[in-house]
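Here is the structure we will look at.
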Amino acid sequence: MSSLRLPPVRLPGTVEGLRAELRAFLAQELAEGSFVPRCDAWLGAHSPEFSRKVARRGWLGMTWPARYGGHERSALERYTVTEELLVAGAPVAAHWIADRQTGPSLLRYGTEEQRQRFLGPIARGECYFAIGMSEPDSGSDLASVRTRATRIDGGFLVNGTKIWTSHAHRSHFMFILCRTSPLGTDRHEGLSQLILDLSAPGVTIRAIPLLTGAHHFNEVVMQDVFVGDDLVLGQVGEGWRQVTSELAFERSGPERLLSTFPLLVELVAVLGPEPGERAAEAIGRLAAHLWALRGLSLAVAAAIDAGEAPAVQAALVKDLGTRLEREVAEVARLVAPERSRLPAGSRLFPLLTEALLTIPGFTLRGGTTEILRGIVARSLEVR
Amino acid sequence: MEEQDLLAETLEALLADHCGAEVVGAAEGSWAPQVWKTLEEAGLTLIGIPEEAGGSGGGASELATVLLAAGRFAAPVPLAEAGFLGGWALASSGLAVPAGPLALVLARPGGDLRFEGHGAALTLEGTAHGVPWAGVASRLVVVAPGEGGPGAAGLLVGSVEPVSATIRPGRTVAGDPCDDVSFHGASLRAQDLGGAGGGVTVEALFARGALSRALLMAGALERVCDLTVSYASQRHQFGRPISRFQAVQQQLAVMAGEVAATRAAVGNAVEALAEAGSRPETATAEIAAAKIRAGDAAGVASAIAHQVHGGIGFTREHRLHHFTRRLWSWRDEYGHESHWAGRLGSLIAGRGPEALWPLLASRPKPN
């Protein structure tokens with residue numbers, strides 16, 4: 001299937017030094033107790049203080065132009081930074097969305113004024129964004145969103161409800177996908193993206209606790225919320241095209257395969273240097289799958305950076321990656337020593353518990369496995 | 001890079017012309033000497049052997065291109081055995097690489113294949129089981145310990161005529177020749193025998209064998225995916241192509257994932273082997289990972305392919321089995337997934353938790 005092949009990756013020489021910097025930084029933070037490694041930290045562990053530290057080291061807005069507060073580094077350097085942070089289970093949730101997709105969207109579709117206003121604060125780790133897409137009646141069928149933005153003088157009046165909006169309660173702004181023209185024959189027409197100020201009058205945020213007890217999900221209700229023309233993202237009516245072009249590429253990042261990596265590391269630690277045949281095989285198999293997938297994820301990142309659009313491979317990374325994340329926990333559960341035999345201070349049990357409870361979300365968020373597979377299959381047919 | 005593409009295109013064109021479904025089908029239980037001859041005449045069978053040793057030059061990357069193509073066409077010829085395995089062992093040990101198809105007869109731990117005696121009285125004894133292609137090879141490349149024992153210093157490499165051996169024919173699940181080779185007092189000419197050269201160990205050859213099969217599988221997986229997607233778009237049931245059904249779409253996507261992941265895995269391993277140079281043991285982890293990933297993919301993808309193809313894919317006349325039977329066979333050659341997973345897992349456990357991520361992040365190497 002020549003269409004699934006990607007060109008070999010050429011990593012810039014600066015990557016080794018960058019990795020060493022990250023590892024030294026993280027080792028120091030760990031030694032100082034500023035965080036404890038967590039699974040799924042990019043969604044579950046929110047720390048403005050940590051985000052600002054990361055920003056001060058130049059690791060946010062890495063690929064953005066310097067005139068907006070960015071650091072003009074390469075996408076593969078950014079990839080390296082993000083994977084090191086994830087592997088360490090560091091608390092990156094506060095800035096993750098803003099750095100990963102809000103900034104690039106503003107660079108692609110934003111006005112100069114919007115870029116000047118938001119990119120610098122995001123790159124400083126001070127301004128956080130949530131994603132306003134899903135609604136109670138619109139999940140996988142994103143084009144069916146009902147949040148309405150009605151035209152008035154100077155802007156729009158927004159009415160509707162967004163759901164599953166992670167960290168909206170701790171974010172400053174939210175991109176919302178809403179309908180600006182009535183539903184016509186083409187359901188993808190008439191949708192727009194607006195930049196919502198979460199502190200605006202008419203916005204009510206209600207927590208939705210997860211089955212884990214943790215709070216990052218929210219319901220955001222908007223009642224006659226005014227959004228000015230200056231906060232339209234891109235073109236009115238182009239919302240669907242703008243959103244789908246972003247979605248394809250966020251699917252293949254390291255957060256799609258490394259959410260449970262801290263658990264795998266702890267498993268290797270508790271098994272010790274002679275784990276026995278069964279455990280060795282289980283570890284070896286997981287490692288082989290992760291190794292291959294990380295290679296594929298990196299190749300997708302490199303291809304995107306080179307101007308390609310490997311949407312099929314990106315979807316495959318997410319499908320394989322999120323399944324692998326789950327498998328790490330299922331394997332850990334079955335091959336780890338009994339609790340009474342774990343070394344004192346081992347974090348295996350809390351990491352495993354946290355992983356098992358958060359796993360159902362992996363294959364749902366950012367495009368369910370079923371939807372992604374449909375996209376892949378249809379693309380394969382076309383080639 | 002361009003040379004690589006040229007090599008790939010040349011192979012693709014040659015094999016498309018000379019190694020189609022009818023040729024592979026006719027080779028059932030034997031091999032395709034015409035395909036070998038065509039490739040040999042184009043200088044493609046001795047890629048990986050230095051030109052000084054009578055080969056066509058090229059390294060791990062070029063060998064990978066050759067084997068990926070061979071897998072994509074299910075070429076019923078011992079391509080890996082020459083440039084990658086037996087021929088490599090001979091050339092690395094300063095011995096001439098003969099023309100014609102070769103088979104690698106490799107001593108294994110627990111087996112009794114060995115050289116006995118010294119000098120002119122040296123003879124080859126013992127049996128190697130399940131030697132791919134032994135029955136069709138024009139020469140057998142033997143790698144076995146001398147009386148010094150199996151350590152690298154006591155390892156010998158030689159080539160012999162097949163008539164020197166008793167060959168008990170067998171077949172792989174794919175129908176390719178895979179025979180038991182026994183020697184009793186076989187002697188070798190002095191010019192056909194030498195001490196194993198730098199980097200030539202039983203383990204290195206076993207690992208290279210594993211990588212060769214992973215590459216063949218990667219190629220075959222691509223073909224299987226292509227065939228299955230095509231079939232699903234063309235087969236109509238209930239008034240529409242079966243590719244419209246979600247149940248089928250989900251399976252096609254799972255299969256595509258296996259193909260893409262395998263490709264990434266073998267890419268890593270080829271890069272590692274290319275860099276390893278005279279220290280091939282440094283590529284063992286990557287090779288283990290590639291063999292595991294390809295073997296797992298082979299099982300998943302072949303099952304999906306047969307399921308989507310329905311009854312017709314289960315027949316001898318349809319070409320699907322040319323690939324799926326080879327996938328089932330190659331995944332078991334030179335160590336199956338469990339063997340290599342155990343080895344990789346032990347390696348990881350031995351190095352400790354802090355070394356796991358640096359291992360996985362070690363490829364590709366930065367420029």
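Below, chains carry the letters A, B, ... as their sequence lines are ordered, and counting in each starts from 1.
- Heavy atoms from other residues, nucleotides or ligands lying under 6.0 Å from CD of B:Glu275 number more than 12.
- For the residue pair B:Pro364 and A:Leu11, the shortest heavy atom distance occurs at O-CD1, 3.3 Å.
- Interface with chain B: from residues 74-87 of chain A, residues A:Glu83, A:Glu84, A:Val87 qualify, criterion being any non-hydrogen pair under 4.5 Å.
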**Prompt:** Do A:Arg294 and B:Leu360 pass the side-chain contact (heavy atoms from CB on, under 4.5 Å) test, and can you show the C-alpha distance, the side-chain angles, and the key distance before you say yes or no?
**Reply:** CA-CA 8 Å; A:Arg294 186 262 181 178; B:Leu360 302 186; 5.7 Å; no
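- Looking only at side-chain heavy atoms (C-beta outward), B:Arg244 and A:Glu381 come within less than 4.5 Å of each other.
- Of the two parts of B:Glu271, neither the backbone nor the side chain holds a non-hydrogen atom closer than 4.5 Å to a non-hydrogen atom of chain A.
- Top candidate by heavy-atom pairs under 4.5 Å with chain A, chosen from B:Ala341, B:Ala289, B:Gly345, is B:Ala341.
- Top candidate by heavy-atom pairs under 4.5 Å with chain A, chosen from B:Val266, B:Val254, B:Val248, is B:Val254.
- Heavy atoms only, all atoms of each residue included: A:Leu4 and B:Ala256 are closest at CD1-O, 3.7 Å.
- Taking each heavy atom of A:Leu296 and B:Ala261 in turn, the nearest pair found is CD2-N, 4.3 Å.
- Contact annotation for A:Ile375: neither backbone nor side-chain heavy atoms come within less than 4.5 Å of a heavy atom of chain B.
- Heavy atoms closer than 4.5 Å to chain A are found nowhere in B:Ala232, neither backbone nor side chain.
- In this structure, A:Leu290 and B:Trp357 have side chains that are not in contact, with every pair of non-hydrogen atoms separated by 4.5 Å or more.
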**Request:** Walk me through it: do B:Asp296 and A:Arg285 pass the test side-chain contact (heavy atoms from CB on, under 4.5 Å)?
**Result:** CA-CA 9 Å; B:Asp296 280 344; A:Arg285 204 175 152 274; 2.8 Å; yes
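- Only the side chain of A:Arg23 comes within contact range of chain B, with at least one heavy atom under 4.5 Å from a heavy atom of that chain.
- When heavy atoms are compared at a cutoff of 4.5 Å, A:Ala269 approaches chain B by way of both its backbone and its side chain.
- Neither the backbone nor the side chain of B:Leu347 has a heavy atom closer than 4.5 Å to any heavy atom of chain A.
- The two residues B:Gly342 and A:Ala280 make their nearest non-hydrogen contact at O-CB, 3.9 Å.
- If you measure heavy-atom distances from A:Glu266 to chain B, you find no contacts under 4.5 Å at all.
- For the pair A:Glu281 (side chain) and B:His339 (backbone), a donor-acceptor distance under 3.5 Å is absent.
- Here the straight-line distance linking atom SG of B:Cys225 with atom CG of A:Leu380 works out to 5.5 Å at 0.5 Å rounding.
- With a 4.5 angstrom heavy-atom cutoff, B:Asn367 touches chain A via backbone and side-chain atoms both.
- Heavy-atom pairs under 4.5 Å with chain A peak, among B:Glu354, B:Glu286, B:Gln246, at B:Glu286.
- By number of non-hydrogen pairs under 4.5 angstrom with chain A, the leading residue of B:Met255, B:Gln249, B:Arg293, B:Lys291 is B:Arg293.
- More than 12 heavy atoms of other residues, nucleotides or ligands sit less than 6.0 Å from atom CD of B:Glu281.
- Top candidate by heavy-atom pairs under 4.5 Å with chain A, chosen from B:Ser338, B:Ser346, B:Ser230, is B:Ser338.
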**Asked** When you look at A:Arg5 and B:Glu222, which way does the salt bridge (Lys or Arg N to Asp or Glu O under 4.0 Å) test go after all the steps?
**Response** CA-CA 10 Å; A:Arg5 290 183 218 157; B:Glu222 287 190 345; 2.9 Å; yes
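- Considering every non-hydrogen atom in both A:Gly284 and B:Leu344, the closest pair reads O-CD2, 3.5 Å.
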**Request:** Determine, step by step, whether B:Asn268 and A:Trp291 satisfy the side-chain contact (heavy atoms from CB on, under 4.5 Å) criterion, reporting the C-alpha distance in whole Å, the side-chain angles of both residues, the deciding distance to 0.1 Å, and the verdict.
**Result:** CA-CA 9 Å; B:Asn268 263 4; A:Trp291 209 344; 3.3 Å; yes
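- Environment of CD in A:Gln28: sparse, with no more than 12 heavy atoms of neighbouring residues, nucleotides or ligands closer than 6.0 Å.
- Of all heavy-atom pairs between B:Gln250 and A:Glu370, the closest is NE2-O, 3.0 Å.
- Residues B:Leu356 and A:Leu264 meet the side-chain proximity criterion, which asks for heavy atoms closer than 4.5 Å.
- Taking a 6.0 Å sphere around CD of A:Glu274, one finds it holds 12 or fewer heavy atoms contributed by other residues, nucleotides or ligands.
- Against chain B, the residues from residues 315-328 of chain A that qualify, each with a non-hydrogen atom under 4.5 angstrom away, are A:Leu316, A:Leu320, A:Arg323 in number order.
- Within the 4.5 angstrom heavy-atom criterion, atoms from both the backbone and the side chain of B:Ala285 approach chain A.
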